[in-house]
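See structure below.
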Amino acid sequence: MKIFSVHGSPDKNGNSKALVDRVLRAAEQQGAATELVHIYDYTVTDVWLNYFGDALQNDFSKAGDDDMGVLKEKLLSADIILLATPIYWYQLSGKLKTFLDRWSDTLNPDFSSDLAGKGLAVASTHSGLNIMHSSRNVQMALEATAQFLGMRWLGGVDAPVQLPGSSGPNEGHFQLADDFGAKLGRGENLIGQKIL
Ligand SMILES: Cc1cc2nc3c(=O)[nH]c(=O)nc-3n(C[C@H](O)[C@H](O)[C@H](O)COP(=O)(O)O)c2cc1C
C-alpha cells in the first residue's frame, strides 16, 4: 500500500503533523510505503477564470510555473491520499483547500477522474472550542468529493486540542490514530472493511 500524505499547516511540528505522523508510522508497520509533503513548501496557483473548462481540456498553461505537476504525479502514484489539516473556521486550511480545488486537474472530458479507485482519508486537529463538530464538516465535504471523483472514502481521525493549557492531542487520540493508520496500511477503512 502506498500512502501519500499532504500536510496543510504552516506549523511543521504542530498538532496536525503530530497526529498524522502516528497514522503514517502505524501504516508503515503494516508494510505500507509512505510519503508526506508540506503543502506550504509548494506553489499551487489558485484556480482562474474558466479553470474548469481548461482543466477538462487538460490545458494548465494559465497555472504558470507552479508545482501542481509534481504534486499530481505523487497523487497518481499513490493508493491512498491522506490529507492532514488544522481546522480553520470549520474547513480545511486555505492552502490545502486551494490544492484540493486543483484536483479538478485530474478530470477528463467525460468527467471521470484519474484519481478514481484511490482511497481518501483525513487527519485533522482543532481547538475543541466549536459551536458544532468542526472535523465532521471537513469529513463530509471530503467524502462527497471522493464520491464525485470515484475515489474510496476511508474515513478520518481527528483530535481536539484540549484548551486551555494543552500542547496538543492526547494519548487517546494518538491511539485512535495508530488504529486508523494500521487499517489504512492494510487497505481498510476506519471500521476495518477491506477496501483496497
Ligand atoms: C485561522 C484559524 C482558524 C481556526 N478555526 C478553528 C475552528 O473553526 N475550530 C477550531 O476548533 N479550531 C480552529 N482553529 C484552531 C486550530 O484548528 C488548532 O489550533 C489546530 O490544532 C492547529 O493545528 P496545527 O498545530 O497543526 O497548526 C483555528 C486556527 C486558525 C489559525
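Every value quoted in this text rests on a predicted model; they were computed, and no experiment measured them. Because only heavy atoms are used, hydrogens play no part in the values below, and waters and symmetry mates are left out as well, while side chains stay in.
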Report task. I would like to know whether Ile81 and Leu115 meet side-chain contact (heavy atoms from CB on, under 4.5 Å); could you show each step before the answer? Result -> CA-CA 10 Å; Ile81 298 161; Leu115 296 174; 4.0 Å; yes

**Report entry** Cluster check Leu196, Leu82: I/L/V/M/F/W/Y, side chain < 4.5 angstrom
**Finding:** yes

**Report entry** Backbone N/O of Gly8 and side chain of Lys17: donor-acceptor pair under 3.5 Å
**Finding:** no

Report task. Go through the side-chain N and O atoms of Ser16 and Ser9 and say whether any donor and acceptor fall under 3.5 Å apart. Result -> no

Query - Partner residues of Val70 under the side chain to side chain contact (heavy atoms under 4.5 Å, CB included) criterion, sequence neighbours left out - result: Tyr42, Asp67, Lys74

**Report entry** Any donor-acceptor pair under 3.5 Å from His133 side chain to Arg136 backbone
**Finding:** yes

Query raised in the report: If you draw a 6.0 Å radius around CG in Asp65, do more than 12 non-hydrogen atoms from other residues or ligands fall strictly inside?
Result: no

Query raised in the report: Does any non-hydrogen side-chain atom of Tyr40 lie less than 4.5 Å from one of Lys95?
Result: yes

Query - Worked verdict on Phe52 versus Leu107 for side-chain contact (heavy atoms from CB on, under 4.5 Å) - result: CA-CA 9 Å; Phe52 224 86; Leu107 289 174; 3.4 Å; yes

Query raised in the report: How about Leu36 and Val6: do any of their side-chain heavy atoms sit closer than 4.5 Å?
Result: no

**Report entry** Any Phe111 side-chain heavy atom under 4.5 Å of Leu56 side chain
**Finding:** yes

Query raised in the report: Atom CH2 in Trp89, atom CG in Asn137: separation rounded to 0.5 Å?
Result: 13.5 Å

Query raised in the report: Judged by modelled atom types alone, do Thr45 and Asp66 share a side-chain donor-acceptor pair under 3.5 Å?
Result: yes

Query raised in the report: Rounded to the nearest 0.5 Å, how far apart are NE2 of His173 and CG of Asn15?
Result: 11.0 Å

Report task. First locate atom OG1 of Thr85, then atom CG of Leu96, and finally report the distance between them rounded to the nearest 0.5 Å. Result -> 5.0 Å

Query raised in the report: Side-chain heavy atoms under 4.5 angstrom apart, residues restricted to Ile, Leu, Val, Met, Phe, Trp, Tyr: same cluster for Leu75 and Ile195?
Result: no

Report summary line: In short, salt bridge (Lys or Arg N to Asp or Glu O under 4.0 Å) pairs touching residues 103-116 with sequence neighbours left out are Arg102-Asp105

Query raised in the report: Do Thr34 and Arg25 come within less than 4.5 Å of each other through their side chains, counting heavy atoms only?
Result: yes

Query - From CD1 (Ile80) to NZ (Lys183), nearest 0.5 Å - result: 13.0 Å

Side-chain donor-acceptor pairs under 3.5 Å in residues 145-158, sequence neighbours left out?
unit_1: Thr145; atom_1: OG1; unit_2: Ala141; atom_2: O; d: 2.8
unit_1: Asp158; atom_1: OD2; unit_2: His126; atom_2: NE2; d: 2.9

Requested in this report: Could you pull out the closest heavy-atom pair between Ala26 and Ala182, with the gap in Å?
Outcome: CB-N, 3.7 Å

Report task. Quick one: closest heavy-atom pair of Gly94 and Tyr88, and the distance? Result -> N-CD1, 4.1 Å

Requested in this report: Would you name the heavy atoms of Leu19 and Ser124 that are closest together and state the gap between them?
Outcome: CD2-O, 3.5 Å

Query raised in the report: Are Leu83 and Val138 co-members of a hydrophobic cluster defined by side-chain heavy atoms under 4.5 Å apart?
Result: yes

Query raised in the report: Does Asn108 offer a backbone N or O that forms a donor-acceptor pair with the side chain of Ser112 under 3.5 Å?
Result: no

Query raised in the report: Between Phe180 and Phe174, is there a shared hydrophobic cluster once you connect ILVMFWY residues whose side-chain heavy atoms come closer than 4.5 Å?
Result: yes

Query raised in the report: Is it true that Asp79 and Lys2 have a side-chain N and a carboxylate O under 4.0 angstrom from each other?
Result: no

Query raised in the report: Judged by atom type as modelled, is there a donor-acceptor pair below 3.5 Å linking the side chain of Asn130 to the main-chain atoms of Ser134?
Result: no

Requested in this report: Answer yes if Leu190 and Val20 sit in the same cluster of Ile, Leu, Val, Met, Phe, Trp and Tyr residues linked by side chain heavy atoms under 4.5 Å apart, and no otherwise.
Outcome: yes

Query raised in the report: Rounded to the nearest 0.5 Å, what separation is found between the CE atom of Met1 and the CG atom of Leu184?
Result: 9.0 Å

Query raised in the report: If you measure from NE2 on His7 to CG on Leu24, what distance do you get to the nearest 0.5 Å?
Result: 11.0 Å

Query raised in the report: Could you go step by step and tell me if Leu120 and Lys118 meet the side-chain contact (heavy atoms from CB on, under 4.5 Å) rule?
Result: CA-CA 7 Å; Leu120 179 64; Lys118 299 182 185 301; over 6 Å; no

Requested in this report: Any chance you could lay out the salt bridge (charged side-chain N to carboxylate O under 4.0 Å, His left out) test for Asp54 and Lys62, step after step, and finish with the verdict?
Outcome: CA-CA 9 Å; Asp54 288 346; Lys62 292 180 192 142; 2.9 Å; yes

Requested in this report: List the steps and the verdict of side-chain contact (heavy atoms from CB on, under 4.5 Å) for Phe99 and Leu92.
Outcome: CA-CA 10 Å; Phe99 174 57; Leu92 295 174; over 6 Å; no

